[in-house]
Enquirer: 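Supplied in structure tokens, the structure appears directly below.
These values consider heavy atoms only, across backbone and side chains, with no hydrogens, waters or symmetry-generated copies.
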Amino acid sequence: MPSNRPSPGKAPLGADLVIPALALGFAVYFFVSIADLAWEAKANGVLIGVILLVLIAVQLVRLGIRLARGEGDLRIDPLWLPRDALGKRIGMVAITVAFIAALEWLGLTLSLLLAMLAALYIMGVRKLSTLLWVSSAVAAAAYLLFIVTLDSAFPHGPIERLLAALFA
């Protein structure tokens with residue numbers, strides 16, 4: 001019977017490149033998206049982007065040193081093991097993609113409420129009161145912070161429009 005644990009020996013460091021690769025993609029997107037902003041926003045954006053690039057470089061140097069010392073190789077076993085968690089990981093990625101896709105139509109509050117419900121369920125929460133309470137609390141906190149307090153540019157959906165009409 002095959003084991004779900006990686007074999008002893010060199011550490012599988014390939015999985016440690018996933019987050020830096022995603023961060024690099026985000027940094028590139030960030031630099032492109034700030035191109036048309038005012039100079040103050042550009043300055044802040046460049047500062048944040050450069051800090052992100054420095055952190056990526058630090059991680060790559062750290063991994064390079066470990067590879068040069070022979071402490072690890074570029075295997076990506078930790079991404080797939082343990083196998084029983086793989087379905088949950090894929091489910092969480094799918095929920096994240098669905099949340100981003102639904103954000104424009106459902107708005108921040110409703111999208112976040114539904115994403116939290118699904119995420120908690122995938123993670124094993126089955127008690128209905130816990131699912132509803134935690135999801136509602138997170139969605140309400142996001143609404144109060146991002147929509148009410150900061151008046152951010154998150155899309156407004158049915159909940160935001162209803163609450164705006166009630167409190168206007």
Enquirer: So, using side chain to side chain contact (heavy atoms under 4.5 Å, CB included) as the criterion, who are the partners of Ile65 when residues are at least two apart?
Expert: Val61, Arg69
Enquirer: State which residues pass ring pair (Phe, Tyr, Trp, His ring centres under 6.0 Å) with Tyr143; sequence neighbours excluded, sorted by chain then number.
Expert: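 Testing Tyr143 for ring pair (Phe, Tyr, Trp, His ring centres under 6.0 Å), a comparison that skips the adjacent residues, returns none.
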Enquirer: I'd like to check the ring pair (Phe, Tyr, Trp, His ring centres under 6.0 Å) partners of Phe26; sequence neighbours left out, ordered by chain and number.
Expert: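 Testing Phe26 for ring pair (Phe, Tyr, Trp, His ring centres under 6.0 Å), a comparison that skips the adjacent residues, returns Phe30.
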Enquirer: Tell me, please, which residues at least two apart from Ala94 pass side chain to side chain contact (heavy atoms under 4.5 Å, CB included).
Expert: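 Applying side chain to side chain contact (heavy atoms under 4.5 Å, CB included) to Ala94 gives none.
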Enquirer: Taking only residues two or more places apart in sequence, or in another chain, which ones meet Arg89 in a side-chain hydrogen bond (donor to acceptor under 3.5 Å, both in side chains)?
Expert: none
Enquirer: Under a 4.5 Å cut-off applied to non-hydrogen side-chain atoms, are Leu17 and Leu60 in contact?
Expert: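 Heavy-atom side-chain distance check passes, below 4.5 Å.
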Enquirer: Run through the side-chain heavy atoms of Ile, Leu, Val, Met, Phe, Trp and Tyr, join any pair under 4.5 Å, and report what else lands in Leu86's cluster.
Expert: Val18, Leu22, Ile76, Leu79, Trp80, Ile90
Enquirer: List for me each residue that meets ring pair (Phe, Tyr, Trp, His ring centres under 6.0 Å) alongside Phe154, sequence neighbours excluded, and say none if there are none.
Expert: Phe146
Enquirer: Who passes side-chain hydrogen bond (donor to acceptor under 3.5 Å, both in side chains) against Asn44, sequence neighbours left out?
Expert: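 Residues passing side-chain hydrogen bond (donor to acceptor under 3.5 Å, both in side chains) with Asn44: none at all.
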Enquirer: Does Gln59 have any side-chain hydrogen bond (donor to acceptor under 3.5 Å, both in side chains) partners at least two apart in sequence or in another chain, and if so, which?
Expert: Arg62
Enquirer: Taking side chain to side chain contact (heavy atoms under 4.5 Å, CB included) as the definition, give me every residue that meets it alongside Ile34, ordered by chain and number, with sequence neighbours left out.
Expert: Phe31, Leu37, Val46
Enquirer: Apart from Ile19 itself, which Ile, Leu, Val, Met, Phe, Trp or Tyr residues share its cluster (side-chain heavy atoms under 4.5 Å, direct or through members)?
Expert: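 Reading the cluster by chain and number, Ile19 sits alone, since nothing else belongs.
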Enquirer: Test of understanding: with side-chain hydrogen bond (donor to acceptor under 3.5 Å, both in side chains), list the residues that count as partners of Thr109, not counting sequence neighbours.
Expert: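 Scan of Thr109 (side-chain hydrogen bond (donor to acceptor under 3.5 Å, both in side chains), adjacent residues dropped) gives Glu160.
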